[in-house]
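I have placed the structure first, in the form of structure tokens, so that the comments after it can refer back to it.
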Amino acid sequence: MKYLKQFFIILIISFIGEVLNIILPLPIPASIYGMVLLFVLLFTGILKLEDIKDAGKFLIEIMPIMFIPAGVGLMSSWGVLKPMLIPVSVITIVSLVMVMAFGGRVTQFVIKHSKQGGFTENE
Amino acid sequence: MNDFFTTSVYAGVVVSLLAYMLGVYLRKKFAIAILNPLLVSVVVTILVLVIGKVDYDIYYEGAKYISWFLTPATVCLAIPLYEQLTLLKKNLKAVIIGITSGVLASLLTVFLLSLLMGLSHKEYVTLLPKSITTAIGMGVSEELGGYVTITVAVIVITGVLGNILAEPVCKLFRITEPIAKGVAIGSSSHAIGTAKAMEMGEIEGAMSSLSIAVAGILTVIGASIFSKLL
């Protein structure tokens, strides 16, 4: 019963996300609305972590397998991808590494920098 | 084998899960980054379908039940984020600046490389939303007049590559701080990368989850500006 109740709450939030996606004219998917909504519900204390934690953690744990169908779907997009294969491959790889490196380094830099600045107020 | 797959609801799911477990086993046994369970499972499943002459649509009839869980699972990414709330508050500035830098790096590299390789406007806008989560990326590509099917394929490839390359790239660029790792992964390779961040640690996973949402929204705005450049 515990898992059923938790999963039910998660599904209701997903459903509200879906409704928001339909009525609001923004290109934001149901899952992102739902994620923000769940965060707000937890933040305001309307939902307790225990209300969803077990089912939620399970879903997150098995999340990688949910991408298998999309990945396998690449076999049917081979036709459209083929004419652009070289530019697509180069851009995908270069930009991925650049974003990871730059985003990560900048975050790390700001963290270290502000830690030094605010040293006296540390805990 | 098409007939068998058509009549069976579970065939697609069973093949996918078996392939994934094979991937997990191989990674445990050999510990090489390329033996990523997601990549292995995708490749093995494609091989099974190609050898068995099964159409993707027929496979998807069963496999769609796996994808069905994606929305509730993404919603749940708010849980690790909430658990790391104190950490997030403390480092909010760094996280926001980091994600913004990631988004700018993405748009800028796509712009410069498209210019360099002489891509058309339509091809360029197809690639602009490549780093963000599929549902937002599709919307952006459609809005800007790109090839939506190619955008989806590129987003999935980016995610799988991010999932594989997360650890080596962080090591190579000496990104050691868990918050920074999470931002790097989430803003470069959305939910598929986040699945990897989640394995790396709670903090990485939480920050990566946040980055999916923030990078997605920033890209909606950024891509519409960048689309005018080429």
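Residue numbering restarts at 1 for every chain, and letters A, B, ... go by the order of the sequence lines. If you're wondering where the values come from, they're calculated on a predicted model, not measured in any experiment.
Contacts between E199(B) and chain A at a heavy-atom distance below 4.5 Å involve the side chain alone, from C-beta outward. No part of F58(A) comes within reach of chain B, as not one of its non-hydrogen atoms sits under 4.5 angstrom from that chain. Of the two parts of L11(A), only the side chain, counted from C-beta on, holds a non-hydrogen atom closer than 4.5 Å to a non-hydrogen atom of chain B. With a threshold of 4.5 angstrom between heavy atoms, S209(B) approaches chain A through its backbone and through its side chain. Looking at I97(B), both its backbone and its side chain come within 4.5 Å of chain A, counting heavy atoms on both sides. Heavy atoms of S76(A) lying under 4.5 Å from chain B belong exclusively to its side chain. At a 4.5 Å heavy-atom cutoff, the contact between E83(B) and chain A is made by side-chain atoms alone. With a 4.5 angstrom heavy-atom cutoff, I32(A) touches chain B only via side-chain atoms. The parts of I91(A) that come within reach of chain B are both its backbone and its side chain, each placing non-hydrogen atoms under 4.5 angstrom from that chain. Within the 4.5 angstrom heavy-atom criterion, atoms from both the backbone and the side chain of S114(B) approach chain A. Heavy atoms closer than 4.5 Å to chain A are found in the side chain of Y59(B), but not in its backbone. Using a 4.5 Å cut-off between heavy atoms, L96(A) touches chain B through backbone and side chain atoms alike.
Heavy-atom pairs under 4.5 Å with chain A were tallied for V220(B), V160(B), V110(B); the largest tally goes to V110(B). Options L172(B), I185(B), T176(B) differ in how many heavy-atom pairs under 4.5 Å they form with chain A, and the most are formed by T176(B). Of the listed residues T109(B), I96(B), I66(B), L17(B), the one with more heavy-atom pairs under 4.5 angstrom with chain A than any other is I66(B). Ranked by non-hydrogen atom pairs under 4.5 Å with chain A, the options L108(B), V183(B), L70(B) are led by L70(B). Looking only at heavy-atom pairs under 4.5 Å with chain A, the residue among G137(B), P72(B), C170(B), G216(B) that has the most is P72(B).
Heavy-atom neighbours of I86(A) CD1 from other residues, nucleotides or ligands within 6.0 Å: at or below the threshold of 12. Around atom CZ of F109(A), no more than 12 heavy atoms belonging to other residues, nucleotides or ligands sit under 6.0 Å away. Sparse packing is recorded around CD of E202(B), with 12 or fewer heavy atoms of other residues, nucleotides or ligands lying under 6.0 Å away. Within 6.0 Å of NZ on K171(B) lie no more than 12 heavy atoms contributed by other residues, nucleotides or ligands. More than 12 heavy atoms of other shown residues, nucleotides or ligands fall within 6.0 angstrom of atom CZ in F111(B). At most 12 non-hydrogen atoms from other residues, nucleotides or ligands lie less than 6.0 angstrom from CE of M98(A).
The shortest side-chain heavy-atom distance between V88(A) and E123(B) does not fall under the 4.5 Å cut-off. Looking only at side-chain heavy atoms (C-beta outward), V80(A) and Y147(B) stay at 4.5 Å or farther from each other.
Taking all atoms of both residues into account, the shortest heavy-atom contact from C76(B) to I10(A) is SG-CD1, 3.5 Å. Across M84(A) and I150(B), no two heavy atoms sit closer than the pair SD-CD1, 3.7 Å. G98(B) and T107(A) get closest at one heavy-atom pair: CA-OG1, 3.3 Å. For the pair M35(A) and L77(B), the tightest heavy-atom approach, listed with the atom from each and the gap, is SD-CB, 4.0 Å. Nearest heavy-atom pair, S14(A) versus V75(B), reported as atom, atom and distance to 0.1 Å: OG-CG2, 3.8 Å. The heavy-atom pair separating V54(B) from M75(A) by the smallest distance is O-CE, 4.2 Å.
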Stepwise, does the side-chain contact (heavy atoms from CB on, under 4.5 Å) test hold for M100(A) with S189(B)? CA-CA 8 Å; M100(A) 240 182 214; S189(B) 47; 4.0 Å; yes
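In terms of modelled atom types and a separation under 3.5 Å, the side chain of Y56(B) and the main chain of P69(A) share a donor-acceptor contact. Checking side-chain atoms of Q108(A) against main-chain N and O of R174(B) turns up a donor-acceptor pair under 3.5 Å.
A donor atom on one side chain and an acceptor atom on the other are found under 3.5 Å apart for K130(B) and S95(A).
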